[in-house]
Structures are given as C-alpha cells and as structure tokens.
Participant: 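Before I ask anything, here is the structure I am working with.
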Amino acid sequence: MSVSRFLFHSLSKILATKSLYLTKSLNYKSSQSLPPNYDYVRFSTLGLCYEEIINKGVKGNIAEVGVYKGVFAKRMNKLFSDRKLYLFDTFEGFDGKDVEVEKNSGYSKGDQDFSDTSVQMVMSNMPYPEKCIVKKGFFPDTASDVEDSFCFVSLDADLYEPILQGLIFFYPRLEKGGYIFIHDFNNDEYKGARPAVLKYCNENGINYVPIPDSGGTVIITK
Ligand SMILES: C[S@@+](CC[C@H](N)C(=O)[O-])C[C@H]1O[C@@H](n2cnc3c(N)ncnc32)[C@H](O)[C@@H]1O
C-alpha cells in the first residue's frame, strides 16, 4: 500500500468515529472544481448527473422551483451553460396558500423567511444570465406559458403543495435520461416534501433514489 493510500485509510477511520467521512468516490472526472459549499454530496451528485446527461445527449432545458438567493441555480447555470434555465420563485418567500396547507396538515410551520432576496441579486450572480428565464410569482401559475421539455429540474420549494405541483408539471415534461432532484424528502424540518413525493410516485408508478446530502434529497429519473 502506498504512503498516501495508507494515510487516506488511516485518517478515514479516525474521522469516521466522529461521523466525518472522507470520500474519493466523488472525484469524478470534471474540469469544473466545486465551489466551497456545505452540501458537497448534493453539488457533486448534480455534477455526476450533468455528465450523464451530456454523455447520453439528453435534450431539454433546466429549471429550479425555489431559487431563493440562487446558490444551487448558479451551479446549474454554470454546468449547463448552453441550456435555458427557468428560475421559479416568488422572490418574496412562501405564499400564504401553501403555508395554510402546510399548517393544516402538520407538516411544518412554514415560518422561515425567504424574502431577503431579489431577482436582481440572483441574476447578478449568474455566470450565464442570458440563458436565464425568470418566472417571478406563485408557482405553478408562473409555469402556465412554459412549453419546453427538461433534462434537469431542482424542486426546492420546501412545502408540500409546490413540490407536488412541481412533480405534476415537470415529470411529464422530463426527457428520457433526465433527472428531478427533490430536496427535503428526508428532512424533519419540512415534513411536507416526503408525502408530496410519495403521492406522485405511488400514483404514477415512479421510483426514486434517496441520497445522503444535508437536505435529504431524492432523485427521480426517467
Ligand atoms: C429553501 S429556499 C430555496 C433554496 C435554493 N434552492 C438555494 O439553492 O439556496 C425555498 C424557496 O422556495 C420558494 N417558494 C416556495 N413555494 C413557492 C411557490 N409556490 N411559488 C414560488 N416560489 C416558492 C420560496 O420563496 C423560497 O425562496
């Protein structure tokens, strides 16, 4: 065993006792280095899915429902530099209608404030702003005029109703070989994501893969 391999294994064992994990498995071949981000697994998995989409020649555009300040959307825009990126958000935080469903069902309080953002702030951080189509307002109403198909979609709206509506809108428009990431499936703070995914997937015979990122994402593919 080489010295570097020995050190890697020894350090991995010590860190694992503290629930800290070293992994080389995500050093996928890619020219893009990852931005410093607390959710390494989520961002790396996006990179791996991007490579599959490109290698298979999957057509279609990309979208995120729940953009907030655009941290994940920025990465999507950087990777998929030649695809249109639809950005769906109120840019003013949760909508009262969704919060009511959330509270009545006991999923979450829906009281996190996501209003400290703006379209201008998000767009100023995008590497390819000319590819972005901003859909400001209540989703799914803002999707009514969208006729594209999609190869990658991120559903990160936290609450039951917009997540379910996101699946209803995007799954039929997902290209074969495309992916939908649904954040918060395994997240105790937002308990609405899981029943939304289960309802749509059970009713439509769809399977998914949960990943151990910090938000408890599940991934649907077609
Ligand atoms: C957790 S944040 C998104 C985080 C973001 N993806 C990131 O990378 O940091 C959730 C966002 O979903 C948006 N949202 C929730 N329900 C919505 C709806 N029905 N229509 C539009 N936006 C919604 C909120 O305004 C909020 O900005």
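Remember, it's 1-based here, ligands and their atoms both numbered in the order they're listed. Note: hydrogens, waters and symmetry copies are ignored here, and every other heavy atom, side chains too, is used. As the structure is a prediction and not an experimental result, all values here were calculated from the model.
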Participant: Does Asn186 reach the main-chain N or O of Gly216 with its side chain, forming a donor-acceptor pair under 3.5 Å?
Facilitator: no
Participant: Going by the atom numbers of ligand 1, which of them fall below 4.0 Å from some non-hydrogen atom of Gly93?
Facilitator: 25 (O)
Participant: Which residue supplies the protein heavy atom nearest to atom 19 (N) of ligand 1, what is that atom called, and how far is it?
Facilitator: Asp98 OD2, 2.8 Å
Participant: Counting non-hydrogen protein atoms only, what is the nearest one to atom 2 (S) of ligand 1? Give residue, atom name and distance.
Facilitator: Phe114 CE2, 3.6 Å
Participant: To which residues is Met121 joined in a hydrophobic cluster, defined by side-chain heavy-atom contacts under 4.5 Å among Ile, Leu, Val, Met, Phe, Trp and Tyr, whether direct or through other members?
Facilitator: none
Participant: Take Lys103 and Asp98 through the salt bridge (Lys or Arg N to Asp or Glu O under 4.0 Å) test and state the conclusion after the steps.
Facilitator: CA-CA 9 Å; Lys103 283 185 183 164; Asp98 293 338; over 6 Å; no
Participant: Looking at atom 10 (C) of ligand 1, what's its closest protein heavy atom, distance included?
Facilitator: Asp156 O, 3.2 Å
Participant: What's the shortest distance from atom 13 (C) of ligand 1 to any protein heavy atom, and which residue and atom give it?
Facilitator: Asp89 OD2, 3.3 Å
Participant: If the cut-off is 4.0 Å to any non-hydrogen atom of Val67, which atoms of ligand 1 fall inside it?
Facilitator: 5 (C), 6 (N), 7 (C)
Participant: Identify whether the distance between the nearest side-chain nitrogen and carboxylate oxygen of Arg83 and Asp148 falls below 4.0 Å.
Facilitator: no
Participant: Would you mind telling me which of Tyr171, Phe185, Tyr179, Phe181 makes a ring pair (Phe, Tyr, Trp, His ring centres under 6.0 Å) with Tyr208?
Facilitator: Phe185
Participant: Which ligand 1 atoms, with their elements, are less than 4.0 angstrom from a heavy-atom of Thr90?
Facilitator: 20 (N), 21 (C), 22 (N), 25 (O)
Participant: Going by distance alone, is a donor N or O of one side chain under 3.5 Å from an acceptor N or O of the other, for Asp213 and Tyr40?
Facilitator: no
Participant: Can you name the atoms of ligand 1, numbered from 1 with element, that are less than 4.0 Å from a heavy atom of Tyr68?
Facilitator: 2 (S), 3 (C), 4 (C), 27 (O)
Participant: Using the ring pair (Phe, Tyr, Trp, His ring centres under 6.0 Å) rule, take Tyr128 and Phe80 through it: C-alpha gap first, then chi angles, then the decisive distance, then the call.
Facilitator: CA-CA 9 Å; Tyr128 302 102; Phe80 294 92; over 10 Å; no
Participant: Provide the number and element of each atom of ligand 1 under 4.0 Å from a heavy atom of Asp158.
Facilitator: 1 (C), 10 (C)
Participant: What protein heavy atom sits nearest atom 20 (N) of ligand 1, and how far off is it?
Facilitator: Phe139 N, 2.9 Å
Participant: Give the atom numbers and elements of ligand 1 that come within less than 4.0 Å of a heavy atom of Phe72.
Facilitator: 8 (O)
Participant: Would Lys191 and Glu102 pass as an ion pair if we require N to O under 4.0 Å?
Facilitator: no
Participant: How far is atom 16 (N) of ligand 1 from its nearest protein heavy atom, and which residue and atom name does that atom have?
Facilitator: Pro162 CG, 3.6 Å
Participant: Any atoms of ligand 1 less than 4.0 Å from a non-hydrogen atom of Gly137? List them with their elements.
Facilitator: 20 (N), 21 (C)
Participant: Considering only non-hydrogen protein atoms, determine which one is nearest to atom 12 (O) of ligand 1 and report residue, atom name and distance to 0.1 Å.
Facilitator: Gly66 CA, 3.3 Å
Participant: Do NZ/NE/NH1/NH2 and the carboxylate oxygens of Lys135 and Asp145 come within less than 4.0 Å?
Facilitator: yes
Participant: Nearest protein heavy atom to atom 9 (O) of ligand 1, by residue and atom, and its distance?
Facilitator: Val71 CB, 4.0 Å
Participant: Going by atom types alone, do Ser115 and Asp113 pair a side-chain donor with an acceptor below 3.5 Å?
Facilitator: yes
Participant: Which of the atoms of ligand 1 are close to Glu64, meaning less than 4.0 Å from one of its heavy atoms?
Facilitator: 6 (N)
